[in-house]
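Take a look at the structure set out below.
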Protein chains: 2
Amino acid sequence: MQTRISGAAREVVIGDGQPTVLIGEGINPSGRKTLTAQLKAGSMELVRKLAMAQVQAGADVVDVNVGIAGGDQVALLPRAVLAVTETVDVPLCLDSDNPAALEAALKVYRGKPLVNSVSGRERSLQEVLPLVKEYGAAVIGLTMDDSGIPQCSEGRGAIARKIVERAELLGIPREDIVIDCAAMSVGTDVRSGLAAIEAIGRIKAELGVNMTLGTSNISFGLPDRNVLNTAFLAIAIAAGVTCPIVDIERVRPIVLAADLVLGRDNYAMRYIKAYRQRQKADVQ
Amino acid sequence: MQTRISGAAREVVIGDGQPTVLIGEGINPSGRKTLTAQLKAGSMELVRKLAMAQVQAGADVVDVNVGIAGGDQVALLPRAVLAVTETVDVPLCLDSDNPAALEAALKVYRGKPLVNSVSGRERSLQEVLPLVKEYGAAVIGLTMDDSGIPQCSEGRGAIARKIVERAELLGIPREDIVIDCAAMSVGTDVRSGLAAIEAIGRIKAELGVNMTLGTSNISFGLPDRNVLNTAFLAIAIAAGVTCPIVDIERVRPIVLAADLVLGRDNYAMRYIKAYRQRQKADVQ
């Protein structure tokens, strides 16, 4: 199944057996003081820089999140989206928990973005899916509902199915739904990694949809987080994740390696090109 | 399914859902000039050092290979095995393509070793399996026969089944067979990594046996080999490999990370302990 999203000038195809599409998580003020301060002051300078840096590091899609305490997302999100699209030509992931902010951003976006996100909560389904339909977007469906995130793969599979069914009822095709199985930290629950991997395998087998995943939660509260994120990401890609949301610079080498060992990189061309670019950057 | 092997004083259990058992590949003269020279001169000094270094780095089992051009393995292998067992107390993997050398080593070994290896070749089955039965060992079964290593997972599955059936006919229980799916380089054939992963999944589902894998071949001829070996190993462990043969120092962190995200490390105790040991080693 192929999900096609686009910026003003570039289309990205997400699909099985193809190179993994990397969504850059860098534009997100959570825990970032400078970005928070700039957004509060209404400045988009750092937003542009972060977008450029991620695309140069290999981001195929850039996630844009401007959620700050006391900030007006309805005003900020479309401004940030315009700033990013003036800077880079990759498709964007419009990331907000506020449907009015999503709509304001969808109004100014040129192309077909990924909306991040709808969940299995009734209110989310009712507010977000009609926007996705109206603006012809694709959408990330988070396997969470009013009871939270189910630990078992059956529970997450049921929410994914519900989101796909509700979307299809509105005329949103299944290929425009990208499911997020939302992994929790293995520091608090040792079963949470395996539960997410099992959910990914189950949903891939049952629904065939593309899947995203934020992989940094898995290591929350533990030391040497990068090695955990790396192992989890490689396993998640093999299990069915086709477009993870990641720290591009840190994880791109392991993703290119996973794609190569999974047969998605003919003649190792992407892998070798990225290696040469890193070498060149190290020399400079 | 649990495979139990032992040294004179220590038993190691290989099994699903348990921490991955690491077999150290370090005692192997292939491509190593100093070790080759020492073995030619009949010295076991470096063999002892390599055994100690690997166990200190976290090896659960040590592979012993003394195959040198013009060397007498029948004399060398039992000497090396005795030298290693005098130095460390972990179980050994007796690694030779010469059945007479394997028998000489089995005669002096105290405990239950892993014999590396039998293949699907008729001659190998006839020569190696009776030794495994006579000495009560466990054995690695390589999915290769007179036609080489099948590219497809069906072909490798058929050889694995043949090895298991032939072993069972002799009274060797299935749990004493550890299958090796033998991955080739993705530099020469882009499908070879995925083919190995698919074979691992198929054989795990069909036969339920433990599985080993040498992961360094996958990156032969390519740059930045460690990141490829790392990605492949994490994916292979998730697919069913329970006791890979590896460069211990390089890969132990990613294996501990894979075990943790796959729910095989309660309270992250092994992961955190190894992290603290590395920190301590860095300070010294």
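Residue numbers begin at 1 in each chain, while the letters A, B, ... track the order of the sequences.
- By the neighbour-count criterion of 12 heavy atoms within 6.0 Å, atom CD of B:Gln151 is densely surrounded, having more than that number from other residues, nucleotides or ligands.
- Interface remark: of the candidates A:Gly263, A:Pro223, A:Ala234, A:Ala258, A:Pro223 forms the most heavy-atom pairs closer than 4.5 Å to chain B.
- No more than 12 heavy atoms of other residues, nucleotides or ligands lie within 6.0 Å of NZ in B:Lys49, so this atom counts as exposed by the packing criterion.
- The contact list for residues 179-204 of chain B toward chain A, using heavy atoms and a distance under 4.5 Å, reads B:Val186, B:Val190, B:Gly193, B:Leu194 by residue number.
- Of the atoms belonging to A:Ile218, it is side-chain heavy atoms, and not backbone ones, that fall under 4.5 Å from chain B.
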B:Leu228 and A:Tyr271: side chain to side chain contact (heavy atoms under 4.5 Å, CB included), yes or no, with the steps? CA-CA 10 Å; B:Leu228 280 173; A:Tyr271 179 81; 3.5 Å; yes

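- With a 4.5 Å cut-off on non-hydrogen atoms, B:Leu222 touches chain A through its side chain but not through its backbone.
- Proximity to chain B is limited to the side chain of A:Tyr275, based on heavy atoms less than 4.5 angstrom apart.
- In this structure, no portion of A:Arg276 lies under 4.5 Å from any heavy atom of chain B.
- Shown here is A:Arg250, whose CZ atom has no more than 12 heavy atoms of other residues, nucleotides or ligands within 6.0 Å.
- For A:Glu249, the CD atom sits in a loose shell: 12 or fewer heavy atoms of surrounding residues, nucleotides or ligands are nearer than 6.0 Å.
- By number of non-hydrogen pairs under 4.5 angstrom with chain A, the leading residue of B:Ala257, B:Ala268, B:Ala238 is B:Ala257.
- Atoms CG and CD1, on B:Asp224 and A:Ile272 in that order, are 11.0 Å from each other to the nearest 0.5 Å.
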